[in-house]
Amino acid sequence: MSYSQSNIDANHLKEENDRYYAFVNLALILAAVTGIELVLVYLPFPRTIIFTILISLSLFKFIGVVAWFMHLIYDKLILTMAFGTGMVIAFGTYTALLFLLGGDAVAPPEIPGR
Amino acid sequence: MSQEVAHDDSHHNLMVKNKKLLMWLFLGSDCMFFGTLISTHLIYRKLYPEEFDPTLLFSLELTSFSTFILLMSSFLMALSVSAMHKGEIKSFRRNVIGVIFFGLIFLGCQVYEFAHFVHEGLTLSTGTFGSTFYLMTGTHGVHVAIGVFWLISMLFYSKGGNMEAHKNAVDVETAGLYWHFVDIVWIVIFTVVYLIEFIA
Amino acid sequence: MTTDTTIISNPKQNTDISELKPELSDIGLVRPDHSKNVFIDWLTTVDHKKIGLMYGTLALFFLLVGGLEALVIRTQLAVPENDLISAQRYNQLFTMHGTTMIFLAIMPLNAAFFNFLVPLQIGARDVAFPRINAFSLWAFVAGALVVNFGWILQALEAFGLFSASGPTAGMNDFVPAMGWFGYAPITGKEFTGAGTDFWIMGLQILGVASISASFNFIVTIINMRAPGVKMMRLPVFTWMTLIVSLLIIFAFPAITIALAQLMFDRVFGTNFFSVAGGGQPILWQHLFWIFGHPEVYILVLPAMGIVSEVLPTFARKPLFGYAIVVFSGAVIGFLGFAVWSHHMFTTGLGKIATAAFSLLTMAIAVPTGVKIFNWVGTLWGGKIRFHAPMIFALGFVWMFMMGGFSGIMHSSAPADAQQQDSYFVIAHFHYVAIGGILLAIVSGIYYWLPKMIGRMWQGKLNIWVGILTVVGLNITFFPMHFLGLLGMPRRTHTYLSGFGWETYNLVCTIGSYILAFGVLLLLVDIIRCFRSKIPAGNDPWDARTLEWATSSPPKVYNFAQTPIVNARDAFWADKYGPLDRKMGMVDESHGIHMPSQSWMPLIASFGFIPLGLGMSLMQAGVPYAGYTAILGLVILVLGIALWAIEGPGGYHLHPNKQSH
Amino acid sequence: MKKLKALRIWLMSILGLIPLIFISGCNLNTRMSTFVTKGPVAETQLDLFMLTVWVTGFIFLAVGGVYVYVVIRFRDKKGDENIIPTQGHGNPLIELSLIGISILLLVIIAVPTLQGIWYTHDVPDDESSLLGSWYSHGDISDAAKEEPFIIRAIGYRWWWEFEYPQLGITTANEFVIPAGRPIHIELRSVDVIHSFWLPKIAGKVDLIPGRANSMWIQAGDSKEAWIEKNNFSGSDSETQLAYLKYLEDEIYDYYYGQCAEYCGDSHARMLFRAHVVSDDRFYSWIDRMKTGHTKAPDDMNWDNWYQAYDQSPETLTGDINEGLKLFMGRAKCATCHVVKGNPRAVGVAGPNLTYLAERHSIAAGWLNHRNEDNTVDKKAQLANFIQWIKHTDDVKPGNLMWKAKGGGIGELQPLLNDEEIRKISLYLQSLQ
Ligand code: HEA
Ligand code: HEA
Ligand code: CUA
Ligand SMILES: [Cu+2]
């Protein structure tokens, strides 16, 4: 139906060729970021700073792959919603859980009783 | 064949292929799967920071290498999806072979890593660290293995000219989405399980 | 297109289908299509209506099983210090009662309605992935079998014919006995035997069934709507299906992983929840309720959907505040992910967390209240006709409200400290479960069964069903509020006299028999409906939504020609609305494409049986059980592989002309 | 007559509710009633509960009233069959105001709830909650003076251990506390999850293995709180007298509690008791628990008794001595139980049996021998001891005294005979 052979040639070819460069660039950036991350952990900066940078970099890579390799920015909004809902629920729930299970609640090793 | 298309696409209100939507929903759901696994690991790391010192065992070089490999496989996957959309079956096959090859390297690294860790005394029942680490990375590894298996069967299927852009592009794209997802899960694991352990 | 113009009036239609020639699938096997053998036809069907009917029948069966378990529980508790059944048996019974009711009765009953109605309500021919749909059904059957398999072993054990060896030697509980939420560490292998393994494997399989079905429904609802069925024109029941399916795919992973971790603890000696190795049992509670609370809304939202269909029909008015009802359904669903710890108020969460979850829980009363208000608003100014479905729907609103109020009482954490794990909780959730969900489902049965089977109810038995269930449920569960507040803990197989619990318990027990009698009469009525001679006609209730536009029962292809919808209550608008709101028809002169039937979903999902049983029996020390499990896995993988290779197939029908 | 159908059903339902209201008129002052509160924690919890009842009750009447009215008013009347009512779609104003009212009503519950959460969480943060502020009997460590009074409740399948770490004593299943004093309870479990529930004094908190939970309880109001609550004014001695009378009349008592989290086969039989007494009686109980049973039967010094037991057991005659011999020997009781004073009864797998005969129940509260006037029914007690030792497994299916991987009395070869059991029981009765 709407996906006839001629259609592909006309519209998609150009689109796909444009994307090609985006992909190559992204791949290069991803490789570079991974290298940076590797170096970063050994740098003598305060923990929190490195931690924050690492998380941001990983978020950046994450978004890069999702948006371009997985075509989310090119694709229908409904797909972003499907995935995003899962992401948000998972992230929210497990961040909350991480805070809920604090170390202070762990019983001291003395076996209860004796 | 045209009838299948007729059925599959009869009236898609949003013009998103069913299979693709299914895969995205699955990935949304998979976020919860991996969320549970990763958070279990992090929770126990937080509760028992002293239980185990992974920096003595982890090799950042190896893990960075396999991270790099996986990222590049993702790149090739993107290319092969693109090729499929353009109807360039040959190029598609070339790229997919690359993806499979990289995927196997990743799996090899993981097998090596596991074997090494077990040899060094970190087993499934070594405290909570062993349990959470192996189940999490193992589940990821199984995802990679399934992906490899899937791509291999696709490769075979495409051999006799069975694949056509208008018909199978969505299949390749779906497999591609899956593969990329496995990659982004690893991006997260790489940071929160490996890298941050090494912050000085 | 009005009531009688469904074009499908070719009486030779069915024979036409069965005269189609069987085709070969891509792997060269004959497809089981158009089989003359009834069994093969049902086993390999991909027709959402048949699948729905099978879900419904099985679920009603398990409702009986779960109800019977409840009756034994109630009989045991009728008098203090009763020794009708042993402590172990009692513990197994309440565990299986809870598990059965929730996973094997209510959820599949909801699934039955989803399956049957959703494609009809959106004007589709079938769900998006018919074979996955069949797979979900059979995986549910496999899971149900695995969970209940322990009863056989337990019977053998009672006669001294079987006892556990291997990893759980000496623990002869083959039916799970740790409560439906299986709190660690009692699920550890130091404390419970193979019953827990059956439970783990069974729930895991049921989870696969539910998740895969849900993907299917979401894709169906988003993608397969007939022209003009915009999202904001979907019937509320379909909306609730969509929301529930989303809840399922986001909530079940938490329990799937938790179960996997538990399974690893038991089989491979990991330390997720075992205290000796540093595991924190509390983590299980969190993971379980991250699933468990959304689960209760998974149970109740379809019920609300049913009621939102029945009330407008019998009040002859559109649903009051459609958009806000839909929206509040979504809010309930997603707030449901933020309140899980209200089941854990007594576990020492700390002040801040307790306060946060307390307030968030209360917040859920607002969107729920919105629904109640809108239902009342729907009735306001209507012409209320008291047919059987309406009676139960009206009962639902009332009883659910009462159950909701005891939920609010729980939500105040300090007050809950006195209520948690007491009969007050039992009262709360049976009000929402029976007064709420079950009444709504009964309402749904009375409403849609004529559509499903094409026959009309006869007689006045429904009045008695109504009286007995409503009265019975109140007599059974109302006193439980007092029992709980007078200190009776739940899950106790017996109790001492002198605590002031005797009378209440006796009354509860009597009530449960009244209730059971009501359910029994419902079944009788259903059977009478099946044997009824009165044809239902397309639209017996003067209803509003699309499913009533087609024949009863609908033909395989649902609509001879895909309707074009121009209004929210599409069928009502078609009957009574202005001209521009009436339905149109898609021109489908090329014929209707029907999916082929297949063996593969059945085969693949039945691989779960040896897999689940093998893993569990291994724990009980049965020889070769491990190999059985591997065999199951092989069957599963093979089934899925063949499924992929055989191709979807399909054939064309020309309802109003000749088939080719 | 379709409309009558539904009306009849509702009528019947309401009739069905009448007997329920009858029962609810029943006695709410029962042993574990949460309606009869005997301490500030339970009181806070009850107040909150009643608040939720009033608020939801109000909504119930309002919404339910409108509902019934609507159903009756808008029913389909004869001849209306073909009338189609106005197809109204909703009214945002009504919706919003109802949402607003709901939120308002929830705030009425929410604010006291927050206060309640903070209040019930742990002992009040004030001077008079510290152990040092009221404990005036014997020495306690300086650290203890700066802490609240601590009792550690430890859950076992299926019994309770109560430790008083600051006072150095341990008891089981029945514990004694002074009235009007805040107590911090540490909750620990050795096996699975249990839950500590003493309804009249406080709601429950779980005992979770691997987790350090705690709660606080207090039986009866403190003097200050009591004065404030009753607006009492009078001289110091009058106040003291009136306060003591309040404690005497309402608080000193024997309270029933139970494990509230499913913990396996005998979860139903994991009960416990709290004995609330005056400071003086509490002190004397502490003294006795600390010293334990200084003398063996026949007023013998333990050293002498053991000498005789080791060298010439036949000289130890009489039922109680025979019972004790079995207790120490063949019956293996001493391998699992502590009897304070007895230097060889130091097993810790089972409940501490010091002054067992003074408790009003055994088997974690399942077998009772208490008279209403708070004395022990000696005959019932003996019967209970005998039943417990003889039918341990029936009284509590699966319990660890009967079968304990080779250590339980159910695994003895040969099993104890009736005569032996009677003698052991008589010995147990001498523990007072
Ligand atoms: C089946 C469905 C179902 C539904 C719909 C609900 C609905 C609610 N539940 Fe319930 N619940 C269960 C099933 C359900 N529950 C089960 C199975 C358990 C026990 C599990 C176990 O332990 O085994 C449980 C347990 C449970 C607990 C834990 C108790 C404990 O163990 O200590 C709590 C605590 O907060 C709770 C709260 C609520 C609340 C606030 C709602 C709300 O959604 C209710 C909202 C509805 C209303 C309030 C009525 C209508 C509203 C109005 C008329 C508007 C105006 C009202 C106000 C402003 C108050 N539930
Ligand atoms: C949605 C689910 C649901 C439903 C519908 C029910 C229905 C009933 N439940 Fe339910 N119940 C639960 C979910 C449900 N329950 C859960 C989750 C638990 C917690 C489990 C746990 O603690 O782990 C529980 C626990 C529970 C307890 C507490 C046990 C304990 O804690 O010790 C009790 C006690 O009275 C009870 C009673 C009943 C009764 C009398 C019914 C009645 O409605 C049943 C009515 C009867 C029938 C529906 C069947 C009719 C049968 C016949 C007509 C017999 C004739 C048939 C033949 C001869 C073939 N249930
Ligand atoms: Cu301990 Cu229940
Ligand atoms: Cu809940």
Side-chain angles (χ1 to χ4, degrees), chain C residues 87-88 179 183 185-186 191 275 280-282 316-318 320-321 324 346-348 351 354-355 358-359 362 365-366 369 373 376 379-386 391 405 408-409 412-415 417-418 421 463 466-467 470-471 474-475 478-479 482 485-487 489 491-494 499-500, chain D residues 2-3 5-6 9 12-13 16-17 20 23-24 27 30-34 44-45 48-49 52 56 66-67 70 74-76 80 84-85 87 89-90 95 98-99 102-103 106 109-110 113-114 116-118 120-121 192-193 199 203-206 208-211 213 258 260-262 265 268 397:
Chain C
Q88 187 196 48
Y183 276 180
I186 209 170
F191 301 112
V275 186
Q280 286 283 332
I282 191 83
R316 315 192 96 198
K317 266 186 74 212
F320 191 81
I324 203 166
T346 62
T347 58
K351 287 184 278 201
T354 306
S358 214
L359 297 187
M362 288 175 194
V366 176
F373 301 144
V376 178
L379 299 178
W380 190 285
K383 287 276 164 217
I384 303 173
R385 296 173 295 153
F386 295 104
I391 294 174
F405 288 145
I408 293 303
M409 297 174 192
S412 176
Q418 293 282 23
D421 267 335
I463 301 177
I467 293 175
V470 173
V471 171
N474 279 292
I475 296 184
F478 196 77
F482 285 93
L485 295 168
L486 293 182
R491 299 177 167 178
T492 45
H493 70 279
T494 185
F499 284 71
Chain D
K2 280 169 195 157
K3 54 214 145 206
K5 238 197 288 187
I9 290 181
M12 295 290 279
S13 323
L17 284 170
L20 305 181
I23 314 171
S24 44
N27 192 2
T30 57
R31 284 180 182 165
M32 288 188 28
S33 172
T34 61
T44 312
Q45 290 161 339
L48 267 171
F49 172 69
T52 60
T56 54
V66 173
Y67 186 59
V70 168
F74 296 105
R75 69 188 188 281
D76 195 18
D80 284 359
I84 292 178
Q87 302 288 300
H89 277 281
E95 312 255 12
L98 285 173
I99 291 177
S102 308
I103 293 176
L106 285 173
I109 303 178
T113 294
L114 292 184
I117 291 172
W118 259 256
T120 55
H121 184 255
V192 302
I193 303 176
K204 61 190 80 60
V205 177
D206 296 349
I208 303 176
R211 213 176 144 79
N213 272 355
Q258 179 155 4
E261 182 64 60
Y262 175 67
D265 278 354

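Owing to the predicted nature of the structure, the values given are computational and were not obtained by experimental measurement. Below, read A as the first sequence line, B as the second, and so on, with proteins coming before strands; counting in each chain starts at 1.
Contacts of Ile193(D) with chain C are made by both backbone and side-chain atoms, with heavy-atom separations under 4.5 Å. For Asn213(D), the part lying under 4.5 angstrom from a heavy atom of chain C is the side chain only. The contact between Ile186(C) and chain D is made by backbone and side chain atoms together, counting heavy-atom distances below 4.5 Å. Using a 4.5 Å cut-off between heavy atoms, Leu485(C) contacts chain D through both its backbone and its side chain. Residue Phe405(C) touches chain D through both its backbone and its side chain, counting heavy-atom pairs closer than 4.5 Å. Interface residue Pro397(D): only side-chain heavy atoms are found under 4.5 Å from chain C. Contact annotation for Glu261(D): both backbone and side-chain heavy atoms come within less than 4.5 Å of a heavy atom of chain C. Within the 4.5 angstrom heavy-atom criterion, atoms from both the backbone and the side chain of Val376(C) approach chain D.
If you take CE on Met362(C) and OG1 on Thr113(D), they are separated by 3.5 Å, rounding to the nearest 0.5 Å. Expressed to the nearest 0.5 Å, how far CD1 of Ile103(D) lies from CG of Leu98(D) amounts to 11.0 Å. To the nearest 0.5 angstrom, Phe74(D) atom CZ is 15.5 Å from Arg316(C) atom CZ. Atom CD of Gln45(D) is separated from atom NZ of Lys204(D) by 8.5 Å, given to the nearest 0.5 angstrom. The CG atom of Leu114(D) sits 12.0 Å away from atom CD1 of Ile109(D), with the distance rounded to the nearest 0.5 Å.
Closest non-hydrogen pair, Asp421(C) versus Ala260(D), comes out as CB-O, 3.0 Å.
Distance alone, capped at 3.5 Å, is enough to place a donor-acceptor pair between the Lys317(C) side chain and the Trp380(C) backbone. Checked by atom type and distance alone, the side chain of Gln280(C) pairs as donor or acceptor with a backbone atom of Gly210(D) at under 3.5 Å.
Side-chain N/O atoms of Thr347(C) and Asp206(D) include no donor and acceptor closer than 3.5 Å.
Your options are Lys351(C), Arg491(C), Lys383(C), and the one with the most heavy-atom pairs under 4.5 Å with chain D is Lys351(C). Between chain D and the residues Tyr183(C), Phe191(C), Phe373(C), the most heavy-atom pairs under 4.5 angstrom are made by Phe191(C). Ranking Ala87(C), Gly179(C), Gly382(C) against chain D, the residue ahead of the rest is Gly382(C), based on heavy-atom pairs under 4.5 Å. Of the listed residues (Pro185(C), Pro318(C), Ser358(C)), the greatest number of heavy-atom pairs within a distance under 4.5 Å of chain D belongs to Pro318(C). Counting heavy-atom pairs closer than 4.5 Å to chain C, the top-ranked of the candidates Thr34(D), Thr52(D), Thr30(D), Thr120(D) is Thr34(D). Residue with the most contacts toward chain C among Ile99(D), Leu106(D), Thr56(D): Thr56(D) (heavy-atom pairs, distance under 4.5 Å). The candidate with the highest count of non-hydrogen atom pairs below 4.5 Å against chain D, out of Ala413(C), Gly381(C), Gly500(C), is Gly381(C).
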> Could you go step by step and tell me if Thr492(C) and Gln258(D) meet the side-chain contact (heavy atoms from CB on, under 4.5 Å) rule?
Replying inline: CA-CA 11 Å; Thr492(C) 45; Gln258(D) 179 155 4; 3.8 Å; yes
